Structure formats: C-alpha cells, structure tokens
Amino acid sequence: MKPLALLVEVLIIIEVTTKNTEAERYNNKKQKQMNATTQVSGSKVKQFLSHLPEQAKSSKITNKRENPLDKKKHQRKLKIKGIQNKDLLKRNRNYLKKQAKKSITDKGDELFKMGNKILQESKSQKQKTEAYIFFARAADMGNLKAMEKMADALLFGSFGMQNITAAIQLYESLAKEGSHKAQNALGFLSSYGIGMEYDQAKALIYYTFGSAGGSMMSQMILGYRYLSGINVLQNCEVALKHYKKVAHYIADKLEKSEGIPVEKVRLTERPENLSSNSEILDWDIYQYYKFLAERGDVQIQVSLGQLHLIGRKGLDQDYYKALYYFLKAAKAGSANAMAFIGKMYLEGNAAAPQSNVTAFKYFSMAASKGNAIGLHGLGLLYFHGKGVPVNYGEALKYFQKAAEKGWPNAQFQLGFMYYSGSGVWKDYKLAFKYFYLASQSGQPLAIYYLAEMYATGTGVLRSCRTAVELYKGVCELGHWAEKFLTAYFAYKDGDVDSSLIQYALLAEMGYEVAQSNSAFILESQKAKILGKEKMYPMALLLWNRAAVQGNAFARLKIGDYHYYGYGTKKDYGTAATHYSIAADKHHSAQAMFNLAYMYEHGLGIAKDIHLARRLYDMAAQTSPDAHLPVFFALMKLETMHLLRDILFFNFTMRWKWLKLDSTVGPYWDLFVIGLIVAMLIFLLRSRHR
C-alpha cells in the first residue's frame, strides 16, 4: 500500500475511532444518569407506597368534607405542578446537551491548537502529517478552522489527499457557516470550472462575500480583476481600495519581521531539466557548499548562514545552522557574519535569544570594519532605544553611512525619518528620494510607502495606476506566495494536478509567473482535473493575462495559438499582430523568425520578400540560437525566389503546371529544405575525401 493512500485510511480510521469513543462516552454518561434517576425514583416509590394506606384513610375523610369547587382547584394545582416539572426536566436536558457540546467544542479547539503548533514547528513531512491527523480529529468535532485546513488539504492535494469533490462539499458547508476562506475557494473553483460549473458571475459573488468577511486573498483577486477589467468594468480606484487593504496587512507584518522572499520558478524556462533551476538549490550542490564551508570558505559560510536564516533556495529555515555558519565566519573575521549575528540577537529566535547587549556588541564589531549592515543595525538600536537611550541624531548618522554604501534597509529608514519627521523636519521630497532608492533593490516597506505617497499625492503628483502597481508588488509578498515552492515540488514529483491547482490559485491572484506556469501545465494536457476540451481555451486565457503583464514568451504563445488554431479559430492576422508585439517590444528572436516566415508566404499579411529577409537577419543578430534556422530559411527563400524568377521569365504558361502546392504537396517548403541539407552534406563529404 502506498504511504499517501495509507495516510487517508489512517485519517478515516481516526475519525471513525473518535466518533465511536465519543459515542461510547456519551452513552456511558447517559446510562449512569438513568441508573441514578432510576434509583432515586425507586426510593421515592417505596416511600410513596409506605404512606399510601395512611393517605387513603385521610383522603376518605377529606373527600367527605371537600366540596366540588375545592376538588377542581386541587386538580388545577396538580396540573400546574406537572407542567413545571416537565419544564424543569426539559431545561436540565438542554443544559446537559449544551455542556456536552461545549466540552466537544473545547476539545476540538485544543486539538486544532496542537495541530497548528506541530505544523508551525515541523520540518519533516512526517510531522506535518501528524498535524493533519489532529486537524482531522478536530474537524470531526466541528471545529471550523480545522475543517478549513482539511478542505484546503483535500483541494491542494497535501500529502496525496487530493479529492476535489469532497473539498467542495466541505467548503459549501463552511460557506453556510460564514467562512470567508470557503467563499474564496468556491469563487476560485467557479472561475476555472474545476469540480464546479464554469461561472464567472458566481465567482465574482463568492469573492465579494469573501472580501466582506475579511479574506485577504479575495481582496487581492478583486483588486487584480478591477485593475485588468476581468469580468468587471476596469476601475483603478476600486482596484486601489482592494490592494491598499491587503498591502496594509502585509506591511504591518513586515514591520514586525522581515518578509521571507519566495523563489518563483518558471516552468517554461527549463521544462526538461527543472533540477538545474538556479532558483532552487540542488541537493548535491548544497552538499558541496557544506563541504567547502567546513573546509573554511568564509564566503560560502556566510551564504549558507543567510540561506538558513530566512529559508531561501528551497532550504528550510534553521536558526541553529545559520548561527553555526555565521559564528565560524565571524571567527575568521567576516564583518557580514558579525552583522548577521547582531541581527539574530536583535530580533531573537530559538538559537539566539533576544539580547540588545549582544546585538550592540556584534553590530559595533561589524561597523568598525565599515560594514553597511552593522552600521544600519547600530542605527536601529539608537532609533528604537534598544539597549541604549533613544538618539535620533546618532541613528541618522549611522543610517546615512549605511545608505551611502548602498544598503537598501538603511535607505528606507532614512526615507521613513523624513516621511514621519522622526528627529528631523518632515521633507517629503527627501523621503521620496530614499524610498525610491530602496525600492530599486526590492525593499518591500519602501515600495509600500511609495505607494502610499502616490495614492494620496503626498510629495508627488497623485497617480492611481502607479500606486496600484506598487501596492500589488507588496501584496505579492504575502504568506500565500509560499505555494510557489509547494507547487514546484509537486510538479517535479509528478503530481501535476496538485501543482496546477496551486499555480491556478496564484494566477487568479494576479501573479504573472503563476499564470504562465498554469498555462504551461494545461498546454501539456497532463492534468486530469479539467476536461481536455477546456485545457487549450483556459491556457490561452492565462497566456493572455501573463502577456498583458509583460511576459514575452506568453505573447509569443498567443501568436502560436492563433496561428495553429489551439483553443480558438485559426487567425493569421491576429497571430501576426502578436508576433509583431513580441518582436518590437520584447525583441524576441522567435517572434522575428515567425513573422519573417509569414511575410515570406503572405500569411495574414501582405507578402514582402524584402521585409522577410530583414526579419530573418534581425532574428540571427538577436539570438545565436537562431543562426542555423535562419541560414536554412534564407537558403530556401533565395532558392525558391530564384527558381520562380527563372520560371516566370521563361515559361509563363508552364508556371501553372509547377504550382508546388498541388504537385509536391502542402509541405513542399520542408521538402526543399531537406533537399538543400542533403546537397550540403554531399558537398561536405566529398570535400573531406
């Protein structure tokens, strides 16, 4: 049995066992209550029977004295007493039910917290699997958050549990309970027609409800839709409103701790050998780096320390390993390593507990060597008053020194000081200058504050479009970007469906890399979660969205789809338009070659041999890989052009007989190329002899 299938069975067994255990506990409790009630009622019956003769005597005497009116009053009192007793019993039952429900809810919350803690601290797949066993048990007890986790696992195929039908059922029940995550998921599935009817209007409704409930993903999706005009009227101001909320949420988290950048691997670049992708560190290369680090290579030690500190290149975040490598490098005199140790102690973690004194010590050691990170660290200590008194003058001095050395975080801090007027006069022009400098290196908070300035027109001319583009960049640093890595590894392991659904969600949120990756997977027709008839049209839609965001390869692909009629009707004119955009705007050699071929044969555009020659030459100049194809294409073009000139000049009437399309066939040009190649091979061989 496969381990992934076994996991599913384990989860089912745990759920059934949990149900049986709870049922047994409830039945035992109920049985005890019934026994106690029976005992009490039995003793009361005995007492009642012992007093029965005396009551009978007294009742005979009183019955004689009682008049009919008193008798009716007595009966009414007994009825009221009976109703009161029934109400009391009902209240007791309701109370017991509520108590039982509360205890189950409390247990569900406890199990969810345990699972969440394991998931956050886990490094291995085994630990993550254990976390989901806790979630399954908590979900069985009705814990909504655990149910959301299990629905996500079923949708995205975590640990091989992909079951989209079950995920949809769970999401629909959660949506009725008001879960904004479920609303977002249902909107996403409707927008692609995965397991549900393809319905963009319904998707928009789900996203609207999700954003109203507080889903940041829904907010981001709506922002992208209004920015690009996808099934809504294009409206920059509405897009700005949505993106601003998400960017504020991200910036708030970034101020507390630096965001972890996520590697976005393009499947289109290395489809045949993904393991060599520079975005992800290959295991063999990592082992080689470890060997070099142990041999005393200081630069490698610092690099490995940085990778483990923030969890880059597919490596897990490991503070102990990071500190180990930094200490080795610092001992060898590396100023960068000293500065990073100071950073670790300033922020505090499991390996380096928070200590302003230790941070100051290491920052000072690095700063004395003129290190920009160390200078910036000292500036932070004086700015926030950590271990030293608050001193904006000292902070400004250190930030300026670090900024002059090009450290983006110091440039941002200078910008913030001038923007907020912390220790200096407010100066929005200087603030803009430093924010812009820092943003060029990708400093996320600098990008956020630039967006704020453009959105409000503070220190610059207000520009909604620029503000939205900047906010979008900040929003793409959210925790959801972690799906890029899980999607990549799923694709690499052959789990195409899991990879596609993760990339597709990111594509819906406006990530250009995810759009091209989703289109690439759909084009391969390896996925099973969509019908084959839907794959090419959906891929074309995603290539279009990626092309609008500046992807040259996507623009070329749109031309191919219209040229060959994939997912749309054949349209040489539209294909030529897209090839022209790719050639002019992106300088794509392939687009130039394709366009030259179309000019040569007059496909969708007026035939122009001279322009075809020029485009072939441009393709060869743009890319060395185009030299050989261009050589053969020009040989064919010149040969056919020469033959046609001769035939037209001498035998006008015989030209009809020599129509190559009818005699040789529709692929006569390939036949001619083959003939030229054969002649060249023959000439080369005879020369060598």
Side-chain angles (χ1 to χ4, degrees), residues 7-30 32-33 91-159 161 163 166-186 209-218 249 252-253 256-257 350 478-480 482-483 486:
L7 172 63
V8 179
E9 287 197 14
V10 168
L11 289 170
I12 293 163
I13 291 161
I14 285 166
E15 286 179 25
V16 173
T17 311
T18 309
K19 282 179 182 175
N20 291 341
T21 310
E22 290 300 323
E24 282 174 19
R25 284 178 186 171
Y26 182 74
N27 289 336
N28 290 339
K29 194 174 182 182
K30 200 170 183 183
K32 282 177 185 177
Q33 286 173 353
R91 280 180 205 158
N92 286 339
R93 279 175 193 163
N94 289 337
Y95 176 75
L96 288 169
K97 280 180 184 177
K98 280 178 184 176
Q99 287 295 106
K101 196 175 179 182
K102 189 178 181 298
S103 67
I104 290 167
T105 306
D106 290 345
K107 195 170 181 184
D109 289 342
E110 192 181 327
L111 286 166
F112 173 76
K113 283 174 185 173
M114 284 167 73
N116 218 25
K117 191 179 178 184
I118 293 167
L119 193 66
Q120 285 170 356
E121 294 173 358
S122 63
K123 289 179 184 176
S124 65
Q125 289 291 97
K126 190 182 176 183
Q127 287 174 316
K128 287 174 183 175
T129 307
E130 284 174 13
Y132 274 91
I133 290 168
F134 279 105
F135 291 144
R137 290 171 64 189
D140 189 49
M141 292 177 180
N143 186 284
L144 291 177
K145 288 182 180 178
M147 286 167 78
E148 286 173 348
K149 286 273 187 189
M150 291 307 296
D152 287 346
L154 290 166
L155 177 63
F156 298 117
S158 303
F159 317 110
M161 292 195 294
N163 186 333
I168 289 167
Q169 288 173 357
L170 198 49
Y171 280 131
E172 283 175 343
S173 65
L174 283 164
K176 286 173 186 175
E177 297 291 328
S179 167
H180 59 77
K181 286 186 180 178
Q183 299 279 5
N184 183 73
L186 291 169
F209 278 114
S211 68
S215 168
M216 289 295 124
M217 282 188 177
S218 292
Y249 166 79
D252 187 52
K253 291 193 173 294
K256 290 168 187 171
S257 63
H479 61 84
W480 38 78
E482 291 168 8
K483 289 196 184 298
T486 53

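We're numbering straight along the sequence, starting at 1. This structure is a prediction, so every number in the text was calculated from the model and none was measured. The analysis underlying the following values was restricted to heavy atoms, covering all of them including side chains, and did not include hydrogens, waters or symmetry mates.
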Quick one: closest heavy-atom pair of [X] and [Y], and the distance?
X	Y	value
Ala175	Ala182	N-CB, 3.7 Å
Tyr132	Lys149	CE2-O, 3.8 Å
Ala146	Ala139	CB-N, 3.5 Å
Gly210	His180	O-CB, 3.5 Å
Ser218	Ser211	CB-N, 3.5 Å
Leu111	Arg137	CD1-CB, 3.9 Å

Item to check | Distance, nearest 0.5 Å, that separates NZ of Lys176 from CD of Gln183 | outcome: 11.5 Å
Checklist entry - Counting only N and O atoms by type, is there a donor-acceptor contact under 3.5 Å from the side chain of Asn163 to the main-chain atoms of Leu154? => result no
Checklist entry - Is a side-chain donor-acceptor pair under 3.5 Å present for Glu148 with Ser179? => result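 The answer is yes; a qualifying pair exists.
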Checklist entry - Does the side chain of Leu155 come within less than 4.5 Å of Tyr171's, by heavy atoms? => result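 Yes, close enough: below the 4.5 Å cut-off.
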Checklist entry - Which one of Met141, Lys145, Met147 satisfies the side chain to side chain contact (heavy atoms under 4.5 Å, CB included) criterion with Asn143? => result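 The single option meeting the side chain to side chain contact (heavy atoms under 4.5 Å, CB included) with Asn143 is Lys145.
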Next on the checklist: Using the rule given for ring-ring contact (aromatic ring centres under 6.0 Å, His included), can you reason through Phe112 versus Phe134, listing the C-alpha separation, both sets of side-chain angles and the distance that settles it, and then say yes or no?
Outcome noted: CA-CA 6 Å; Phe112 173 76; Phe134 279 105; over 10 Å; no
Checklist entry - Is Phe209 atom CZ crowded by more than 12 heavy atoms from other residues, nucleotides or ligands, each under 6.0 Å away? => result no
